[in-house]
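So the structure is just underneath, and the comments pick up after that.
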Protein chains: 2
Amino acid sequence: MVTSEQVARLAGVSRATVSRALNGSPRVSAEARKRIQEAIVSLGYEPDMVAQSLVRQRSRTIALGLFYGDQKSTVLSSISKTQHYFYLDLLRDVEQEIAAAQYDLLLPSISHAQKNYIRSLQMRHVAGTLAIAMHPADERVKALLEAEIPTVFIDSLSQGRSSTYVTSDNQDGARQATEHLIQLGHRRIVTLVSGFSGQIGPVRQAGYRQALQRAGLPIDEDLMYTSGWNTEEAYQATLRLLQERQPRDFTAIVAGSDLMAIGVLRALHQHGLHVPGDVSVVGFDDVDLCRYTEPPLTTIRQDRSAMVQGAIQRLIRMIESDGEYDESMLAPIIIPTQLITRASTGPATGSC
Amino acid sequence: MVTSEQVARLAGVSRATVSRALNGSPRVSAEARKRIQEAIVSLGYEPDMVAQSLVRQRSRTIALGLFYGDQKSTVLSSISKTQHYFYLDLLRDVEQEIAAAQYDLLLPSISHAQKNYIRSLQMRHVAGTLAIAMHPADERVKALLEAEIPTVFIDSLSQGRSSTYVTSDNQDGARQATEHLIQLGHRRIVTLVSGFSGQIGPVRQAGYRQALQRAGLPIDEDLMYTSGWNTEEAYQATLRLLQERQPRDFTAIVAGSDLMAIGVLRALHQHGLHVPGDVSVVGFDDVDLCRYTEPPLTTIRQDRSAMVQGAIQRLIRMIESDGEYDESMLAPIIIPTQLITRASTGPATGSC
DNA sequence: CTGAAAGCGCTTACAG
DNA sequence: CTGAAAGCGCTTACAG
């Protein structure tokens with residue numbers, strides 16, 4: 001292996017000088033810099049990142065964590081098509097953004113003894129953590145909030161001494177979705193959000209209430225349903241609510257996510273209901289599948305690129321500020337959402 | 001940070017002894033071992049993995065590489081739903097299997113200057129590489145074949161001085177698919193495989209030929225089509241072949257993958273053809289989507305778990321044998337495939 | 001601007 | 001069975 005020692009010898013300087021040149025210190029003469037550069041090229045030298053990590057007490061590695069409350073799930077294993085599909089889209093951007101910043105992405109194999117979660121990260125000298133946390137009560141999330149490791153959460157509204165979060169403006173998104181329906185003449189609007197103990201579901205529900213309130217419409221708690229995040233549970237929940245509400249006394253459904261909306265559509269079709277002729281449906285997220293549903297889904301777009309860019313850039317600022325955070329550094333990042341109108345919503349019809 | 005020094009002090013021994021105890025050396029007295037164990041627990045000690053990596057010249061990290069010939073793609077970004085969907089399923093298992101072996105999974109941000117690909121891996125002291133390579137001519141694949149880094153390829157039939165591969169028995173799979181159709185009475189069978197420069201497409205085509213040959217049926221080169229791996233291209237290719245072959249002179253299609261089969265189904269439906277009434281269709285892979293297509297897809301199952309288990313276990317054996325490979329260590333691993341009969345295949349009908 | 005020296009936290013011959 | 005010492009490949013005060 002080529003070491004800095006050999007570079008130093010070839011360039012006729014000491015290892016210290018090679019190190020300085022490499023790290024862009026101004027205290028290196030132009031000539032020395034030049035000779036070192038030549039030596040590096042001719043030897044094909046590249047610094048040993050492990051040695052650097054040890055002496056700097058920090059690697060150029062960002063750990064990725066996904067926390068659903070289920071302790072045993074690994075990062076990728078918990079991203080299934082019908083449940084956390086949105087996060088899969090997100091991860092693509094994560095990898096690219098981290099690579100662009102010249103950091104490596106690490107999926108650590110930390111034993112489910114989350115007791116030592118932080119220590120395990122420290123022993124790997126990770127520079128920071130990107131945590132996708134739907135379940136803020138997870139032990140590891142709580143540990144991360146206490147720890148000194150720079151952390152950015154996505155979708156867990158948690159701030160700690162070295163951590164902050166980025167999230168879409170979920171409430172405003174749900175507000176837009178609902179308002180869109182109200183403008184189309186809908187008055188009796190069902191909402192189906194995740195009743196999972198995370199924070200996203202309730203926030204989206206709040207947006208729904210807000211829109212009704214602004215429009216001066218009554219809020220009927222009876223029209224507010226919950227189910228799991230996945231397609232199947234949303235499908236089942238919709239079948240149940242269709243059963244309950246005979247004759248049908250609503251004309252639209254605001255779903256908590258696109259994948260849930262797909263379950264909603266399936267249930268409606270199965271009951272012979274036409275979308276949007278009989279019932280309008282709005283999703284949330286704007287995943288790629290929305291274009292391919294029958295009919296294509298009106299939804300609220302979360303700006304993935306902005307979320308990920310915001311998260312990674314902030315994370316790297318935190319890392320490179322060496323624990324000296326000013327206030328702006330820990331301020332949450334809220335990304336605007338946007339209504340995307342496709343074919344699953346239309347004017348209210350019928351008796352309701 | 002708690003170091004081995006502190007453990008040593010508390011246990012009244014030297015750091016050397018702590019290290020031996022930790023690494024299961026037999027040369028430690030029972031008492032010493034006990035006191036050290038207590039000290040470790042009471043201090044909550046965990047060894048510094050970076051320091052270990054430096055002195056051992058090897059980390060407990062396995063790098064993941066995906067090589068499609070497109071130099072710029074990152075691991076996750078290139079796994080899109082309609083193209084390399086199968087690999088996404090695979091990655092879930094990869095993460096779990098690697099974690100089970102107590103290794104970390106690394107997605108390195110190596111600059112696209114693949115010139116230094118190997119060196120970059122070395123500077124990170126990765127223990128080994130899992131490489132999913134559809135494009136064996138990729139520079140990085142070639143470099144990996146020359147290198148000393150233990151590597152297991154998936155789907156690239158490449159063996160090197162420190163590398164081997166695991167693959168499904170693709171030829172036999174395609175043979176089973178075709179034979180299944182022949183048994184149903186089909187005589188004129190189209191095959192649509194990827195013409196991409198990888199090795200998988202041609203091998204599957206060979207299985208198709210083999211089945212025809214065994215059945216004593218003529219091989220009509222005209223019935224052998226190619227397209228990209230993704231749904232859209234397979235869809236387009238099918239539209240084209242349907243156009244060409246008027247009146248229709250075939251009763252079945254063997255697709256190169258399930259996602260391609262989905263494109264085939266779409267094109268057939270669009271032409272008003274019924275599956276399997278008019279045309280039977282077989283996929284390849286058995287991804288989860290197969291259950292949800294209309295009709296559910298008959299396909300060839302690749303045993304993902306077996307592939308990944310085989311790959312990771314072999315990789316770890318290679319790593320832990322410290323470069324002393326016996327022959328069995330570099331032998332390719334071939335995983336049997338299996339026909340899964342669903343509703344997209346049926347008896348041949350009509351004139352052909 | 002530069003080098004000698006100490007040190008990051010471990011492991012491993014070597015000697016006892 | 002155990003410890004003192006050297007060393008993995010870097011970086012960084014310190015002194016000049």
Side-chain angles (χ1 to χ4, degrees), chain A residues 1-37 39-40 43-61 119-127 148 320 322, chain B residues 1-37 39-40 43-61 119-127 148 320 322:
Chain A
M1 195 163 70
V2 186
T3 68
S4 69
E5 172 73 46
Q6 297 170 49
V7 173
R9 204 147 36 202
L10 185 57
V13 296
S14 70
R15 291 187 304 155
T17 304
V18 171
S19 175
R20 289 196 194 95
L22 228 47
N23 295 297
S25 158
R27 326 203 126 280
V28 180
S29 68
E31 306 157 56
R33 199 180 295 280
K34 179 156 166 291
R35 290 206 311 278
I36 290 168
Q37 197 47 49
I40 286 176
L43 294 171
Y45 171 73
E46 197 146 325
D48 186 308
M49 300 192 68
V50 171
Q52 289 186 144
S53 300
L54 182 61
V55 61
R56 291 179 177 154
Q57 294 288 73
R58 183 204 291 161
S59 72
R60 287 190 75 88
T61 291
R119 199 177 296 272
S120 297
L121 291 177
Q122 284 169 337
M123 294 305 90
R124 287 160 168 82
H125 291 225
V126 304
E148 306 273 298
E320 292 177 352
D322 269 312
Chain B
M1 194 163 72
V2 185
T3 67
S4 68
E5 171 74 47
Q6 297 170 48
V7 173
R9 201 146 41 199
L10 185 56
V13 296
S14 71
R15 291 188 304 156
T17 305
V18 171
S19 175
R20 291 195 192 95
L22 227 48
N23 295 299
S25 158
R27 325 203 126 280
V28 180
S29 69
E31 305 158 56
R33 199 179 293 282
K34 179 155 166 291
R35 290 205 309 278
I36 289 167
Q37 197 46 49
I40 286 174
L43 294 172
Y45 171 73
E46 196 146 325
D48 186 308
M49 301 192 67
V50 172
Q52 288 185 144
S53 300
L54 182 61
V55 62
R56 290 178 178 156
Q57 294 287 74
R58 181 205 292 160
S59 72
R60 286 191 74 88
T61 292
R119 200 178 294 272
S120 297
L121 290 177
Q122 283 169 339
M123 294 304 90
R124 287 160 169 83
H125 292 226
V126 304
E148 305 273 296
E320 292 177 353
D322 270 312

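Just so we're on the same page: letters track the sequence lines, and every chain starts at 1.
Rounded to an integer number of Å, the gap from A/Arg20 CZ to D/dT11 C1' is 9 Å. If you measure from atom CG of A/Leu22 to atom P of C/dT2, you get 15 Å, rounded to the nearest angstrom. If you measure from atom CZ of B/Arg58 to atom P of C/dT12, you get 11 Å, rounded to the nearest angstrom. If you measure from atom CD of A/Glu5 to atom P of C/dA5, you get 14 Å, rounded to the nearest angstrom. Put simply, CZ on A/Arg60 is 16 Å from P on D/dC10, counting in whole angstrom units. Look at CZ on B/Arg124: it is 14 Å from P on D/dC10, rounded to the nearest Å. Remark: C1' of D/dT11 and NE2 of A/His125 are 15 Å apart, rounded to the nearest angstrom. Nucleotide D/dC10 holds its P atom 13 Å from the CD1 atom of A/Ile36, rounded to whole Å.
B/Tyr45 has a side-chain polar atom (N or O) that falls below the 4.0 Å cut-off from OP1 or OP2 of C/dC10. OP1 or OP2 of C/dT2 has not a single side-chain nitrogen or oxygen of A/Ser14 nearer than 4.0 Å. OP1 or OP2 of C/dC10 has at least one side-chain nitrogen or oxygen of B/Ser4 nearer than 4.0 Å. Side-chain N/O atoms of A/Gln52 include one lying less than 4.0 angstrom from OP1 or OP2 on D/dT11. Using a 4.0 Å cut-off, some side-chain N or O of A/Gln57 falls inside it from OP1 or OP2 of C/dG9.
Considering CD of A/Gln52 and CE of B/Met123, their distance stands at 10.5 Å, rounded to 0.5 Å. For the atom pair CE of A/Met49 and CG of A/Leu54, the computed distance is 13.5 Å after rounding to the nearest 0.5 Å. Going from atom OG1 of A/Thr17 over to atom CG of A/Leu22 covers 11.5 Å, rounded to the nearest 0.5 Å. A distance of 10.5 Å separates CZ of B/Arg9 from OG of B/Ser4, quoted to the nearest 0.5 Å.
Using a 4.0 Å heavy-atom distance criterion, B/Thr3 is classed as a sugar-phosphate-only contact. Looking at heavy-atom distances under 4.0 Å, B/Arg56 makes contact with sugar-phosphate atoms alone, never a base. Residue B/Val50 is out of contact with every strand shown, counting any heavy-atom pair closer than 4.0 Å.
Using P as the reference atom, D/dA6 and D/dT2 are 22 Å apart when rounded to the nearest Å. For D/dA13 and D/dG9, the P atoms lie 23 Å apart once the distance is rounded to whole Å. C/dA5 sits 24 Å from C/dC1 when the P atoms are compared, rounded to a whole Å.
For B/Thr17, the listed nucleotide lying nearest its side chain is D/dT2; candidates were C/dT12, D/dC14, D/dT2. Taking every side-chain heavy atom of A/Val55 into account, D/dT11 is the closest of D/dT11, C/dT12, D/dA13. The side chain of B/Arg27 lies closest to D/dC1, out of C/dT11, D/dC1, D/dG3. The side chain of B/Asp48 approaches C/dG9 more closely than any other nucleotide in the set C/dT11, C/dG9, C/dG3. The side chain of A/Ala51 lies closest to D/dC10 when the candidates are D/dC10, D/dA13, C/dT11. Of the candidate nucleotides D/dT12, C/dC10, C/dC1, C/dC1 has the atom nearest to the side chain of A/Ser29.
Ion pairing between A/Glu46 and B/Arg119 fails under the 4.0 Å rule for side-chain N and carboxylate O.
Taking each heavy atom of A/Ala127 and A/Ser59 in turn, the nearest pair found is CB-O, 3.2 Å. Residues B/Tyr45 and B/Thr3 share a closest heavy-atom pair of CE1-C, 3.5 Å.
Figure legend. C/dA13 is base-paired to no nucleotide; pairs are counted as Watson-Crick or G-U wobble with both atom distances under 3.5 Å. Judged by Watson-Crick or G-U wobble contacts below 3.5 Å, the nucleotide C/dA4 has no partner.
Place B/Leu54 and B/Val28 on DNA chain D by their nearest nucleotides, and B/Val28 ends up nearer the 5' end.
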